[in-house]
Amino acid sequence: MTRPYNFSAGPAAIPEEVLQQAAAEMLDWHGSGMSVMEMSHRGKEFISIYEQAEADLRELLAVPANFKILFMQGGGLAENAIVPLNLSRGESADFVVTGSWSDKSQKEAGKYCEVHIAASNKADGHTSLPAPASWQLSKAPRYVHLCSNETIHGVEFQELPDLKALGCDAPLVIDFSSHVASRPVDWSRVGMAFGGAQKNIGPAGLTLVVVREDLLGHALKACPSAFDYKLVADNQSMYNTPPTYGIYIAGLTFQWLKRQTEAGLSGVAAMEARNKAKADLLYGFIDQSQLYTNPVAPEGRSRMNVPFRLRDESLNDAFLAGAKARGLLQLKGHKSVGGMRASIYNAMPLAGVQALVDYLREFEKTKA
Ligand SMILES: *Cc1c(COP(=O)(O)O)cnc(C)c1O
């Protein structure tokens, strides 16, 4: 039986091979007599799972040796507080607002430090990417924050800004929750990155932090110990109990990613090629259609999250019901923007996007 195609924005689809392997190993992981959920996080079995996951992620994302990889709890929203608690030193931070997530980040950071909005696309309803040359960066922010893929508004940075070239020495902090491992990361432009796992890597409850070593050790006194990056790094993410099952599933996903090939590429480069093809297929269809529209300026369009509307919104319910009947699940848009959204993360095959396009075409024909 083939499973339906799941377009959820998050928690989102996980590769079927990963789910099958997890099912096969559920009762007895590698002859240990235990489920991964039942293992001590300090035992040799789990340590081997953890170390493999860390090494695989480091390889997949080409994380340089002077960056720590932390597996934490709290999710993306908690990081909105944890980042200023660790990096702001109670001074100031700059924010580039391109959608709901970066807007939430700047609001939360304001509890811990001074916040300066360097650029915002709010005036056009979060549908464009403000050009870095136009950003009004402050004199000496402790960091500059942006969300490299806005999951709700479907706006993605196709290239990270070079802050040094803009005359800014501060580290760039990126929230890459919803496109991590969908494309390479230019670490020469990044000081730290964080992301919840539940969009592109694994189950909710695991938060990934990749942070340059020189940024560690400056947490505010008020920072909870379990969220102090230095303490977490010094204890190999085991200062407190990490989300062990989430790390295990993420590890299986990393192994799956390493096996992927596309057009002579492998790993994240293969995913990028596949993700480009998927996004081109879907946007290409929407753009020529009379029924569907996407509001985002082409250069800022996300390869992961494709929000779209029906010009006749009275058809929304019929559209969603027909999609579900065809095994195309969770296409309803975020409640804050309405309409539809197709999230086409790494785990969504090209065939799933083709099935969606076939349905879009057919639905449009029957309603024309
Ligand atoms: C989903 C998401 C978050 C929030 O993650 P939680 O796990 O709900 O805290 C933060 N940022 C981005 C870009 C997201 O897509």
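Remember, it's 1-based here, ligands and their atoms both numbered in the order they're listed.
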Should the ring pair [X] and [Y] be called parallel, tilted or perpendicular, given that the plane angle runs from 0 to 90° and is split at 30 and 60?
| X | Y | result |
| --- | --- | --- |
| Y248 | Y245 | tilted |
| F285 | Y292 | tilted |
| Y143 | F95 | perpendicular |

Exercise for the section: Report, as yes or no, whether the 6.0 Å neighbourhood of atom NZ on K230 holds more than 12 heavy atoms from other residues, nucleotides or ligands. Expected result: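 Counting other residues, nucleotides and ligands, NZ of K230 stays at 12 neighbours or fewer.
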Problem - Full working for side chain to side chain donor-acceptor pair (under 3.5 Å) between S182 and E272 - result: CA-CA 6 Å; S182 72; E272 181 177 40; over 6 Å; no
Problem - Those protein residues which place at least one heavy atom below 4.0 Å from ligand 1 - result: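 Those residues closer than 4.0 Å to ligand 1 by some heavy atom are G75, G76, L77, W101, C147, N149, T151, D175, S177, S178, Q198, K199.
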Problem - Sidechain N-carboxylate O distance under 4.0 Å for R301, E156 - result: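 A salt bridge is absent here (no side-chain N lies under 4.0 Å from a carboxylate O).
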